[in-house]
Structures are given as structure tokens and as C-alpha cells.
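Numbers for residues simply follow the sequence, beginning at 1.
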Amino acid sequence: MAVSIAIGALFLLFLVGTPVAFALFFSTFLYFIVGADQPTMLLIQRLAGGLESVSLLAIPFFIMAGVFMNYSGITDRLLKLAELLTRRMHGGLAQANVLLSTFMGGLSGSNIADAAMNSKLLVPSMTAKGYPKPFSSAVTAASSLITSTIPPGIALIVYGYVNNVSIGRLFLAGVVPGVLMAISLMVLVSYLCRRNNYQPPERSKVTRHEWVSVTRAGIIALMLPLVVIGGIRIGVFTPTEAGAIAVLYALIVGVFVYKQMSVKSIALATNESLLASVNVLFIIAVASGFARFLTWEQIPQEIAMLLSSEVGSAIVFLLLANLLLLVLGMFLEGNAILIVLSPLLAPVAAQFGIDPVHFGIIFIINATIGTITPPLGTVMFTTCSITGVKVADFIRAVMPFWMVMVGILLLTTFVPAISLALPALVF
């Protein structure tokens with residue numbers, strides 16, 4: 001009875017729009033109050049214990065690195081590089097939007113942060129170039145999903161911590177799916193821009209000096225993902241230490257190379273990083289308490305036994321898991337799905353012989369697609385609130401992008417080599 005009340009309260013709180021962290025906390029607290037045979041002190045201990053992991057330090061470090069990148073002017077230089085690379089394509093600025101999200105995937109690590117940044121940075125410029133606002137918003141929101149799979153995506157770190165999966169392998173496993181997303185979205189953007197005659201290609205030649213200056217500035221920024229992945233692979237530092245290196249790299253580039261960060265801007269960036277980190281870590285802390293009572297009640301084991309007995313093969317399980325996660329993504333926030341459901345489904349996937357790294361990428365892509373899916377997609381609402389686009393108009397514009405993302409999800413699901421080839425090669 002206590003479990004039913006707690007889980008019912010959790011979904012009710014989600015549906016009425018309660019923030020994820022508070023919904024998890026109140027439902028867990030309700031479990032202890034209503035009928036748990038455990039002292040309430042264990043809840044407090046579990047909340048504190050949920051953050052007693054060195055690997056979780058990677059989250060605030062990478063968040064800080066992404067914020068420092070924004071304050072240092074690296075984002076502007078990456079945009080110039082993206083525009084330079086796409087100026088001869090149909091819909092050059094829309095293509096640059098997708099490419100910038102791909103570049104920023106290795107820097108910001110958060111799809112909501114990426115969507116918010118590009119909504120402010122690119123949508124006004126796209127509107128001035130003649131793009132309809134719903135289309136610009138749809139491109140911005142859809143391309144931000146790339147950020148979750150390109151390392152060091154925060155979702156990769158959280159999934160690895162929650163399910164005890166190698167974060168280094170998850171980082172590498174997300175590269176190919178992320179690049180496939182970028183290529184697919186750019187092809188779709190090209191088709192839509194040709195059909196609707198948005199921003200024809202520019203034919204003017206670029207001077208050699210412009211190529212050299214823009215490319216050099218952009219490559220300095222793009223070195224960060226290579227430093228992170230390379231250092232982890234050769235054993236120079238762990239994923240957590242890689243986060244600290246990323247902060248140091250961003251600081252050096254911002255202060256000494258681009259010379260755009262002052263003491264004041266460093267303080268502002270640090271404060272912004274602190275607030276963003278607290279949001280994520282608080283969710284993880286309360287989710288740890290929620291997961292503990294699920295474990296006490298042996299709910300993961302029961303779900304695993306039920307699915308194992310009712311589902312006959314790994315293919316059927318993956319189809320059901322995708323369907324379940326896509327439907328839940330329409331109503332629940334991505335972090336909630338990741339933290340609450342992945343510990344329930346990952347053991348079942350393991351029983352069917354599905355590689356834990358492969359299933360992690362499948363899960364994360366599902367959770368990110370949910371963020372642009374009505375009625376409660378967080379990236380959808382973030383983008384629409386900044387650009388001023390009506391949700392109904394956004395939904396019509398984003399549907400082609402949503403279908404492309406689902407196609408990438410199915411391809412990644414049933415062709416494991418897409419996510420597993422690179423980790424197998426490197427490790």
C-alpha cells in the first residue's frame with residue numbers, strides 16, 4: 001500500500017507540473033510516513049549518501065566548463081566557423097544552427113542549455129534572414145538533442161553513475177549516434193529550405209585570411225573534446241578529472257587566448273555554474289532516496305521477472321522499451337525518466353544479453369526525444385518561451401525533425417555497432 005501511494009503521488013506530482021526533485025522527495029517522504037518499516041533517518045542518510053561519489057564531481061566540472069566557454073567568446077567563434085562551413089549550402093544559417101549544436105555538444109553537455117543559448121543567439125538572426133519563427137524554433141530545439149549524446153553530455157554521466165556503467169565507454173558510444181543525428185538533421189534542413197526557398201546559398205568567395213582566422217579560433221575551442229576523450233583513453237585522467245581539466249582549459253582560453261574573461265566575468269560564470277550544478281545534483285540526491293525504497297520493496301526485481309517471463313526476445317523487449325519511453329516522454333521530464341526508470345529497465349536489458357553501454361545510449365536518445373514531444377517537453381517549452389512561438393505552431397514545424405530523430409533511435413537500437421564500434425575500437 002505504501003509503495004502504491006508513493007508511486008501514485010509521484011506521477012500525480014509530475015502531471016501537475018511539480019519540479020522533478022520535489023516530486024521525488026515528497027513521494028519518497030510519503031512512503032516513509034504512510035507505512036514503511038524503516039526509520040525516517042534512513043531517508044536523510046540516503047539523500048546525503050546519494051552524492052558521496054567522486055564520479056559525480058564530473059557534473060559540476062563540465063557544467064562550469066560549458067558556462068566558461070560561453071563567457072569566453074568561444075561560442076561566438078564556433079558560430080562563425082559553422083557559418084563559414086555552411087554558407088554555400090541551402091539554408092546556411094539553419095545548417096549552422098545544427099552544426100553549432102554539434103560543436104557545443106562537446107562543451108555545454110546540456111540540451112536545455114544549448115536550446116536556450118541558440119534561441120537567443122540564432123533565432124533572431126534566422127528571422128532577419130526570412131526564416132519563419134516556428135521553423136527556426138524547431139531547428140533549434142531538434143538540434144539541441146544532439147548535445148545529450150555527444151560527450152561530455154550530462155545525461156551520459158548521470159546514466160553511468162545511476163546504473164554503474166563505464167562513463168568513458170558511454171562518452172565514446174555517443175559520438176557516432178550524435179554525428180548521425182547531425183548529418184540527418186542537416187539533410188532534412190537542406191530539403192526543407194530548398195522546397196520553401198529559405199536562404200539560397202552564398203556564391204561569394206571567402207578570402208584566405210578569413211578562412212585561416214576563423215578556422216584557427218574555432219579549432220582552439222574544438223580541441224576540448226579531443227583533450228577530454230584522449231586523456232581518458234590513454235589513462236592520464238579519469239572522467240571526473242577530465243571535467244576539472246576542461247574547466248582549466250576553458251579558463252586559459254578565455255583569459256589568455258581570446259582575452260575576453262575578466263575577474264568579474266569569471267565570478268559571474270562561477271555563480272551561474274553553481275546554480276546549474278545544484279539543480280542537477282539535488283535531483284540525483286532525492287532520486288537516490290527514491291531508488292533505495294524501490295530496492296527495499298524489490299520492485300526492480302519484480303519488473304525484471306515479469307518482463308523476462310512475458311517477453312520472448314531481446315528485439316521485442318527493445319521495441320517495448322522504446323515505445324514505453326517515447327510515451328512517457330510525452331508527459332515526464334527527461335531527467336525523471338532517466339533517474340527513475342533506467343535502474344528498472346537496465347537489469348532487464350542485461351538479462352536479455354543487451355550490452356549496458358548500448359542500452360544506455362538507447363535510453364538517453366529516448367529521453368531526449370521526449371523533451372521536444374508535446375504536451376510537456378521541456379526543450380519545447382524553453383524554446384517557445386524565448387522565441388515567442390505558439391506551441392501549436394512549434395509542434396507542426398517540429399514533426400519532420402521528430403520523425404528523423406525516431407528513425408535514428410530505431411537505427412541505433414537495432415544496429416548495435418553504431419554505438420558499440422567506437423568503444424570497442426578504443427578500449
Side-chain angles (χ1 to χ4, degrees), residues 66 69-70 72-109 111 114-115 117-131 135-147 149-151 153 174-229 250 253 257-258 401 404-405 408:
M69 289 290 181
N70 291 337
S72 68
I74 284 178
T75 302
D76 293 333
R77 287 165 174 81
L78 286 176
L79 176 58
K80 289 179 181 177
L81 176 61
E83 289 178 325
L84 193 66
L85 294 173
T86 59
R87 68 199 310 264
R88 291 183 175 272
M89 301 179 183
H90 278 274
L93 198 53
Q95 302 281 15
N97 195 331
V98 178
L99 204 55
L100 181 61
S101 291
T102 308
F103 290 159
M104 289 303 295
L107 305 178
S108 72
N111 57 354
D114 181 82
M117 178 191 71
N118 284 356
S119 294
K120 297 173 184 175
L121 186 67
L122 279 172
V123 172
S125 300
M126 292 178 69
T127 303
K129 288 281 187 179
Y131 292 93
F135 176 81
S136 303
S137 301
V139 173
T140 300
S143 63
S144 73
L145 306 191
I146 300 169
T147 308
T149 55
I150 298 285
V175 172
V176 176
V179 171
L180 277 178
M181 289 180 195
I183 293 172
S184 302
L185 290 177
M186 291 181 77
V187 169
L188 176 61
V189 165
S190 178
Y191 167 74
L192 293 175
C193 289
R194 284 173 184 267
R195 190 183 71 178
N196 298 299
N197 198 29
Y198 298 149
Q199 195 184 3
E202 294 185 25
R203 301 302 182 187
S204 58
K205 289 187 177 181
V206 182
T207 65
R208 181 180 179 183
H209 173 72
E210 187 178 359
W211 264 111
V212 171
S213 62
V214 172
T215 304
R216 182 174 57 191
I219 287 177
I220 291 174
L222 292 176
M223 284 297 294
L224 176 58
L226 297 178
V227 170
V228 169
I229 297 296
V253 170
V257 180
Y258 295 157
F401 299 93
V404 165
M405 297 302 290
I408 296 295

Using 0.5 Å steps for rounding, measure from the [atom1] atom of [X] to the [atom2] atom of [Y].
X	Y	atom1	atom2	result
Leu188	Phe401	CG	CZ	4.5 Å
Leu145	Met405	CG	CE	4.5 Å
Lys129	Tyr198	NZ	OH	16.0 Å
Ser125	Asn97	OG	CG	10.0 Å
Ser119	Met126	OG	CE	10.5 Å

Check: [Y] main-chain N/O paired with [X] side-chain donor or acceptor under 3.5 Å:
X	Y	value
Ser190	Met186	no
Thr149	Ile146	yes
Ser143	Thr140	yes
Gln95	Thr86	no

Contact between [X] and [Y] at the side-chain level, heavy atoms closer than 4.5 Å - yes or no?
X	Y	result
His90	Tyr191	no
Leu185	Val139	no
Leu122	Ser136	no

Could you pull out the closest heavy-atom pair between [X] and [Y], with the gap in Å?
X	Y	answer
Pro177	Ile408	O-CG2, 4.3 Å
Phe135	Cys193	CZ-SG, 4.1 Å
Ala94	Val189	CB-CG1, 3.6 Å
Thr215	Leu81	CA-CD1, 4.1 Å

